[in-house]
Every structure is written in structure tokens, then in C-alpha cells.
Amino acid sequence: MPPKRPNDSPQAGDLTGRERKKQKTAIARTIAVQPAAGPSRANNNTTAGPSKSVRFDSMKGLPGALDVERFAESRAFEINAMHDAMQNARASSTQRAWQQLPRHLRRRAASHDVRRVPLRLRDKALAEMDPARRKALGRGIPKRSKKNQPTRTSQLLRRQQDKTWLETHIWHAKRMHMENMWGYRLAITPTEKSFRPSHRASVHGSILHDASYYATIELQGPEDILRNILDSCCDCQGPSPSAKRFLTGGRTSETYLYACGSYPFDLIAPATILWRVSSADMGRGKGKETTAPALASSEKTRVVWIRVHPSVITEAHRALRLATSSALDAAKQDGRIEQVEMADLREEFNVFEIMGPKASQVLRGALKPVDDRRADFKKFWASLHKIQSAGSVPRGMVIGFTVQDPRLSFPPKNAKVEVEGGTTLSPASTVFPSAMLAESEIWDEDARTALRKPRYKKKDLDQRRSNNLVPGTPLKAERKDDRIPVILIQRSVENAAFAGLQPTSDKTTNSLHGWTLIVPQGWGMPFFSSLVHTGTRVGGQRERQTQAFEAGYAYFPRDFPTTEAYANYAQDREEHERETWERKPPAKRPNFEKLGTRSPWRPDWGSLLGLERHATASKEQPERDAEEFMDAQRDVNMTDATAPEQVKVQPWLLRGTDVPAIVADLSSMLNPSAGLLVQLNQRRTKRKLDPFRSDIRTEDVMQAALVQVGIIPCGRGCPDDLAVMYRVEDEEARKWANAAAIKKSGLTILGDGPNETELSNVPPLPDNVIGYVTTGSFSLSRGEGHAVGAMPFTRYLELKKQAERLRMGPKLLIRVRNRDEAISRVAQVDLLY
């Protein structure tokens with residue numbers, strides 16, 4: 001195409017931008033030379049080339065003295081040329097000081113604050129700054145004298161007046177978003193984009209989380225009294241925390257903590273219970289018996305740890321104190337005067353959770369055990385680099401041992417997985433939980449106190465390392481170096497409903513397995529630095545919640561309605577989301593009233609269970625119905641004023657290992673309310689608790705029960721948090737099943753019935769609400785939407801009867817609608833326990 005203007009035609013002398021930039025740089029790097037007195041040359045500037053050879057006799061004829069002033073005048077041109085060349089080279093520099101740093105060291109403030117630049121580039125950054133800015137930077141507040149300057153420790157302690165820092169706080173604060181939660185300053189999520197990498201690390205690699213904020217309560221006293229305390233406060237379903245498998249200390253018990261004698265009401269939180277190994281069980285292992293006489297349970301003094309969530313520490317203390325008083329009163333009636341000591345061990349330990357298939361290799365590379373003569377421990381430690389997943393280790397297995405200072409062997413090296421061919425058993429399946437394997441000195445308070453402050457600082461170890469002849473040689477442990485006792489506990493994040501599935505099962509298991517490492521106070525950063533240096537990704541609260549969500553596991557307190565911790569969580573979330581919603585203009589926010597969402601900010605469990613009347617429902621009720629309602633109440637009070645007042649039952653959560661058996665028994669009963677009360681009384685009697693009082697109605701207990709469910713969409717759609725679950729009528733369920741069959745067969749063009757899109761646009765009735773979603777999002781492991789929610793137990797039994805009536809097999813169909821959408825899609829419900 002010819003140019004529009006004559007002057008726009010390209011000429012031979014035109015240069016591109018890149019060529020002009022190169023020419024400018026070349027000119028800036030050229031030093032001018034004074035022209036010779038002889039014939040002129042085309043180029044008077046110097047050109048690069050080899051140096052001329054110098055003869056040894058070239059110094060002859062030089063004067064013995066030099067006049068500096070005359071010499072400077074004669075060389076004035078060269079001096080000025082050198083000065084101008086330096087100025088031009090500095091002015092035409094293409095890289096600023098902060099641009100020479102790697103990307104992970106760059107900071108936004110480095111462009112205007114020279115103190116944010118490393119020391120080696122600080123002079124260059126200061127020269128590049130604007131003179132006015134440089135002058136303002138130098139004018140600061142007069143410094144105090146050294147006597148009046150506060151110490152760094154006092155400054156950091158002053159910032160912890162209303163919250164507590166973990167030992168790894170400074171490391172996390174530089175790399176993560178921090179928030180105040182449960183009395184601590186905790187890391188929420190990394191500042192870098194890490195949602196998918198964190199999920200990949202938990203599934204294919206390893207991810208680390210500092211869980212030192214969890215509270216630990218210690219009980220010490222006679223064994224039989226401690227067993228009675230735990231039986232009165234813990235879940236009555238499944239094995240007791242004082243069962244033989246847990247009593248030896250070789251396993252941890254995962255249970256739920258309730259108010260004293262209130263099961264199944266007044267749920268507090270999940271709890272992990274760990275018994276200390278007794279001296280009588282030290283010589284007893286798997287299949288072994290000791291010849292020493294066994295002491296009675298009333299003569300044994302045992303110690304037990306109870307680990308709970310920090311948000312329920314007050315309730316847990318109250319329940320355990322009440323249970324301890326009841327147990328001591330019962331012993332006093334038998335003529336025994338005993339004593340139970342309760343201690344709060346918060347901030348006594350550092351707890352690290354390492355999840356993922358490579359967690360075993362990370363631990364083996366970062367920890368160096370001292371010489372241990374136990375054969376079981378040697379066998380276990382040798383098998384760590386052969387374990388492809390911690391799921392092959394028995395659940396809750398406890399290993400206690402002593403390790404050297406991890407700073408001596410820094411930097412650590414990950415152990416590589418060794419896969420042995422032809423073996424039918426896992427290497428870890430030959431090591432069983434035992435009291436001998438679980439013994440550790442970390443239980444001793446005196447040992448923890450002596451190790452509270454490391455004997456050597458990092459600079460002392462660096463000085464020893466610099467004295468090595470060969471750089472990089474690991475330090476050898478000496479007699480004066482610290483030996484740290486630790487406890488290693490197998491940890492699994494899995495749904496109990498899928499834990500025992502075979503690989504050929506239709507349901508997919510997304511369980512995550514790893515380890516929990518417990519170290520004494522004061523050793524958080526030495527262990528944390530070694531674990532992080534192995535390449536393990538570090539996660540915050542969001543990453544820990546995502547692990548539970550991907551595994552289909554209910555996360556506390558987010559997925560545990562009817563608890564006080566959930567009420568506080570829901571209240572804070574309601575205030576935050578309502579404030580965000582009110583800041584937006586009406587055109588930029590969803591209209592929940594038009595969408596038919598009655599409770600957009602928090603689930604209304606009271607009205608869902610029928611225990612309360614919703615505010616909108618009371619407005620829609622005619623006034624005459626309210627008058628008739630009041631008249632009926634007056635008649636009752638007048639005619640039966642002396643009738644006993646019924647006990648009001650609060651909403652409660654039915655959860656535990658026996659829930660499937662309870663559901664199977666109640667499904668075939670004509671009166672499931674009475675059957676539920678019988679089932680609960682049987683489990684209370686098993687733990688030596690009194691049956692329910694006679695003034696509690698069976699219908700009220702049945703009506704107030706909630707169950708946790710997992711929600712999987714049958715087609716399109718992704719449930720979000722606080723989504724609403726609706727009941728599906730029989731005719732509508734047949735239409736959904738027909739639409740799914742047509743879509744599966746690919747015969748959608750025939751038009752035999754409404755398709756999935758048409759059915760999704762049909763608005764559900766407000767009276768058909770049967771539950772709410774507590775956590776919902778897109779599941780990376782499933783590749784589709786997934787959610788965890790809760791619904792009344794009576795509604796779940798109705799769904800089972802509907803599936804049997806329609807011959808749909810185990811599929812329980814519901815409709816799910818996000819609170820800010822009008823479309824509702826069909827989903828399948830699975831029971832969580």
C-alpha cells in the first residue's frame with residue numbers, strides 16, 4: 001500500500017526504536033578524545049582495541065619532577081571528558097537499583113524508600129532518588145539515647161496486649177495475611193496466588209500448617225476417676241476414649257466433647273484425647289504380656305491430654321470441672337478421698353501438621369533421632385522412606401522419640417521414596433501401636449521447662465559451622481547440645497462414611513493423610529525452618545479449611561450448627577457480609593426479597609426445625625389468626641394452670657459412628673420418635689449415664705435433631721455458602737430422573753419431556769425449605785461443585801422413604817438454590833457422620 005503522504009515514505013536513514021536505543025547507549029559509553037594537531041580524522045573518539053606494547057626503555061627521557069598544576073591544565077580536556085562520560089553513563093542507565101533484584105525480593109516501597117533496598121545496592125538507589133525526596137528522607141525525628149530506647153522484646157510484647165503471637169508469627173507475617181482469631185494473631189492465606197498449588201501440594205506433595213493455637217488441657221489423677229470424667233463428657237457412640245486400645249497410650253481417640261451428662265445435647269466441639277503411657281504398660285506390646293502384677297485402676301495415677309479448638313476453651317474447662325466434681329463426689333460416697341489436677345497447657349507446645357503423601361519423607365529428612373534402642377522404633381523409622389502415604393499407618397498411631405537440634409543438620413535433605421517390588425504388605429503394616437513406641441519425655445513438665453530456652457543461639461552454631469575446614473559440612477552433635485523430645489501422631493482428614501470403602505466402590509475417596517508433630521515450647525522456629533526448607537508449602541486457615549472440604553469432612557466451627565462456637569462464627573460473618581452488601585448501590589447488589597431468600601446472612605435453624613416462627617411469616621399471618629391463637633392460649637392457661645411445664649428442647653446435632661445404624665432402625669419403625677429416644681438411652685446407659693427425664697417429649701427430641709449431609713450436584717451448578725435446600729415432590733422427582741436419563745442417552749432433541757434447564761427455572765415453593773448449606777464451592781479433586789450442609793433429621797427420613805417409594809435406590813434428591821440466584825438445580829444428598 002503506498003504511503004498517504006510523500007514524507008511518510010521510508011528512508012534509508014530512519015532507525016527503529018531499538019536501534020536508536022542502542023545508539024544512545026553506545027554514545028553514552030564513549031569517551032571523547034582531544035583531536036591531534038595533524039590532519040583531521042573522520043572520528044575523533046576512541047575505539048576499543050588491544051593495548052599497545054610497552055618497551056622497557058620507554059621511561060627514559062622523562063623529567064625527574066612533575067608540576068601538578070601545569071599537568072592538570074594540559075590534561076583538562078581528558079579530565080572533563082571522563083567526568084562527562086560518567087555522568088552520561090549514569091543518566092542513561094536502563095536499570096534502576098530495585099530492578100536488579102530478583103522478583104521475590106522486590107517490594108513496592110523500594111522505589112521510594114532506600115532502606116527497603118539491600119545494602120549492596122543502597123548507594124546506587126540513593127543516587128537515583130529525587131533530590132527533594134532525598135532531603136525529606138534525611139529529615140527525621142531526633143533519635144533517643146541508647147538508655148531511653150525500648151528493647152525489641154518490649155516493643156514486640158507491647159503489640160501482644162490484646163492477642164497472642166505464635167512462635168512463628170514473624171515468619172508468617174512477612175508472607176501471609178494475618179487476622180485476629182480466637183485470641184491469637186493467625187495467618188489466613190499466603191499473599192501470593194496459592195489456592196491451586198496448595199491443593200496440589202496436599203494431594204501430591206506436602207503442606208505444613210502451624211496448629212500451635214489449639215488448646216491442651218491436662219488431667220492427672222486415679223485412672224478410674226479419669227475414665228468416669230471422660231465417659232460423662234464425650235460422645236457415647238463408638239469406642240470410649242477410655243477403651244483398652246486408647247488407654248495404653250499407643251493411639252489417640254477422636255471424639256466429641258459435650259456438657260457433663262448432656263449427651264446428645266450441648267455439643268461443644270471435636271476433641272482429641274491422648275493418654276500418657278503408664279509404667280505398667282511399658283513392657284507390654286502387641287501380643288506381649290508382662291509378668292509384673294497389675295495394679296487396680298483406683299491405684300494407678302494417670303495423665304491424659306485433651307486437645308480442643310481455642311474457641312471453646314472456656315466451655316471445655318467448665319464441662320470438665322463439672323464432670324470432675326461429679327466423679328469425685330461419687331468416689332467420696334464410696335469412702336474414697338481422691339484428687340484430680342487440671343492444668344491449662346496452652347502455649348506449652350508447638351504443633352505442626354504436615355499433610356500429603358510426601359509428609360513421611362519430609363519428617364525423615366528434617367529430623368535426626370538420637371540413638372534409640374527400641375526395636376519397634378528402629379523398624380518404624382527405617383520404613384518412613386518406604387511409605388508412599390501416611391494412610392497406610394494405623395489411624396491415630398502415636399510415636400514418641402527424642403531428636404537432635406535440627407539446626408545442627410540444617411539444611412535438611414528429603415528422603416526419597418523407595419518402592420520395593422513384589423511385596424504384598426506395606427512397610428508400615430508390620431509396626432503396630434504400642435505403649436513402648438509411644439513413650440516420650442515431653443510429658444514431663446521438668447523436662448519441658450529445662451528446654452524452654454535453647455542452650456545455643458543461632459550465631460553460636462554459625463560460629464561452629466564457620467570453623468569447619470570444609471564449608472557446608474553438617475555439625476556433629478556434642479554432649480552439651482540439646483536433645484528435644486517430640487511426639488508424632490498419624491493424622492487423617494477423611495469422612496467416616498468413606499473411610500472403609502474398597503477401591504472398587506462407586507464413591508470416590510478424597511482422604512488426606514499426614515502427621516502431627518508436637519515439640520516443646522521455645523523450639524518452634526528451629527523445627528519450622530527445617531521443615532519449610534525441605535520445599536514444603538506452608539498454608540494458613542484457608543488452606544486447612546480447604547483440606548477438610550476436599551475430603552468431604554465437616555470443619556469446625558463452620559459446619560457444626562447448634563454449637564456456641566458456630567453461633568459466634570455466624571454472627572461475625574453476618575455482620576461482615578451485611579456491611580459489604582449495604583455499601584453497594586441497589587443496582588449492584590442482589591435483591592434477596594425478590595429472590596425469595598428469607599435468611600440471606602445466616603441460616604435460620606429455629607424456624608427450619610419448627611421451634612420458632614420466622615419474622616416474615618408472622619407478618620404474613622392474618623390478624624384474625626393471631627387473635628384466635630391468643631384465645632386458645634388463654635383457654636389452656638385457665639383450664640390447666642397446674643399442668644407440669646414441658647422441657648423445651650434446643651436444636652441438637654446427631655453425629656457419630658452409630659448414625660447409619662440408627663437411621664436404618666428408625667426407617668422401618670412406625671413411631672421413629674420413640675425409637676430414637678430408645679437408641680439414645682441405650683448409648684447413655686452404656687456410659688453409665690442416667691436415661692432422659694420423663695418430662696422430655698419424644699416428639700420434641702425428634703423435631704429438634706439435625707444431621708450433616710454432603711451435597712453433590714447431579715448435573716450443572718455449584719452450590720455456594722448459605723445456599724438453600726428444597727424438597728422435591730414425587731412428580732417433580734420423576735421429571736428430574738427422566739431428564740437425567742434423556743441427557744445421558746443423548747436423545748435431547750426428541751423432546752419427550754422438560755429438560756434440565758426448564759426444570760431449573762421453575763421457582764421452588766418457600767414452604768419446601770428443608771436445609772441450608774454451611775460450606776459450598778467448586779471441588780478441585782472432584783472437578784465439580786460440592787457442598788456440606790445440615791437438615792432436620794425428620795426431613796432426611798422423609799427423603800429415604802421417598803427414594804424407596806420411587807425406587808430410586810440410594811439416591812436422595814433435593815433442589816439447591818444459591819441465595820443470590822433464582823435458578824435451583826437438583827442434587828444428591830449423602831449422610832455425613
Side-chain angles (χ1 to χ4, degrees), residues 235-238 256 258 261-267 497 561-562 605-613 632-633 636 640 643-709 725-730 733 767-772 789-814 829-833:
D235 191 2
C236 295
Q237 301 183 36
Y256 295 93
Y258 291 83
S262 298
Y263 174 83
F265 309 118
D266 299 330
L267 173 64
T562 73
W605 303 109
S607 62
L608 180 65
L609 294 169
L611 305 178
E612 301 174 359
R613 298 185 64 189
Q633 292 296 322
V636 171
D640 196 5
E645 185 177 353
Q646 297 291 338
V647 177
K648 184 178 180 180
V649 179
Q650 297 295 331
W652 60 282
L653 188 64
L654 178 60
R655 182 176 175 84
T657 56
D658 298 343
V659 171
I662 295 176
V663 172
D665 293 341
L666 298 184
S667 300
S668 58
M669 292 183 180
L670 296 177
N671 187 7
S673 301
L676 177 61
L677 199 63
V678 171
Q679 294 279 357
L680 296 177
N681 281 328
Q682 288 178 358
R683 283 152 180 83
R684 288 176 60 91
T685 305
K686 184 175 64 173
R687 299 294 166 83
K688 299 179 181 180
L689 298 178
D690 297 333
F692 288 112
R693 298 183 337 191
S694 58
D695 55 353
I696 296 180
R697 297 176 53 194
T698 58
E699 293 81 4
D700 294 342
V701 176
M702 186 74 175
Q703 184 183 5
L706 284 172
V707 291
Q708 293 174 329
V709 293
M725 293 186 284
Y726 294 90
R727 182 183 57 198
V728 179
E729 302 294 342
D730 293 354
D767 296 337
N768 289 344
V769 177
I770 60 173
Y772 293 98
M791 64 170 54
F793 186 40
T794 54
R795 298 294 189 181
Y796 183 80
L797 294 179
E798 292 176 1
L799 293 179
K800 287 189 68 67
K801 293 180 180 179
Q802 182 188 45
E804 295 175 359
R805 185 169 59 252
L806 300 179
R807 298 179 181 179
M808 301 178 62
K811 291 185 178 181
L812 309 182
L813 297 183
I814 61 171
V829 171
D830 291 327
L831 184 64
L832 300 182
Y833 53 90

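Position 1 is the first residue of the sequence; numbering continues from there.
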Using 0.5 Å steps for rounding, measure from the [atom1] atom of [X] to the [atom2] atom of [Y].
{"X": "S673", "Y": "F793", "atom1": "OG", "atom2": "CZ", "result": "9.5 Å"}
{"X": "L813", "Y": "E729", "atom1": "CG", "atom2": "CD", "result": "12.5 Å"}
{"X": "T698", "Y": "L677", "atom1": "OG1", "atom2": "CG", "result": "6.5 Å"}
{"X": "Q708", "Y": "D830", "atom1": "CD", "atom2": "CG", "result": "13.5 Å"}
{"X": "L666", "Y": "Q679", "atom1": "CG", "atom2": "CD", "result": "6.0 Å"}

Quick one: closest heavy-atom pair of [X] and [Y], and the distance?
{"X": "Y796", "Y": "V829", "result": "CE1-CG1, 4.3 Å"}
{"X": "K811", "Y": "A803", "result": "O-CB, 3.5 Å"}
{"X": "Y256", "Y": "L267", "result": "CB-CD1, 3.9 Å"}
{"X": "A790", "Y": "V709", "result": "N-CG2, 4.2 Å"}

How about [X] and [Y]: do any of their side-chain heavy atoms sit closer than 4.5 Å?
{"X": "L831", "Y": "K800", "answer": "no"}
{"X": "I770", "Y": "E798", "answer": "no"}
{"X": "Y726", "Y": "I814", "answer": "no"}
{"X": "T562", "Y": "W605", "answer": "no"}
{"X": "Q703", "Y": "L611", "answer": "yes"}

Checking [X] now: which residues fulfil side-chain contact (heavy atoms from CB on, under 4.5 Å) with it, not counting sequence neighbours?
{"X": "L680", "result": "Y263, P264, W652, L676, F692, V701"}
{"X": "T657", "result": "Q237"}
{"X": "P792", "result": "L608, L609, L706, T794, R795"}
{"X": "D730", "result": "R734, Q802, R805, L806"}

> Are L799 and M791 close enough, and set up right, to give a side-chain contact (heavy atoms from CB on, under 4.5 Å), and what steps lead you there?
Replying inline: CA-CA 11 Å; L799 293 179; M791 64 170 54; 4.0 Å; yes
>> Would the distance check show the side chain of R687 and the main-chain N or O of G261 forming a donor-acceptor pair, the cut-off being under 3.5 Å?
In response: no
> Given the rule in the side-chain contact (heavy atoms from CB on, under 4.5 Å) test, do Y833 and V707 qualify, once you have shown the distances and angles that lead to the verdict?
Replying inline: CA-CA 8 Å; Y833 53 90; V707 291; over 6 Å; no
> Around atom NZ of K686, are there more than 12 heavy atoms of other residues, nucleotides or ligands at under 6.0 Å?
Replying inline: yes
>> Listing request: all salt bridge (charged side-chain N to carboxylate O under 4.0 Å, His left out) pairs with a residue in residues 676-685, at least two apart in sequence or in separate chains.
In response: D658-R683
> Taking only residues two or more places apart in sequence or in another chain, which ones pass salt bridge (charged side-chain N to carboxylate O under 4.0 Å, His left out) with E804?
Replying inline: none
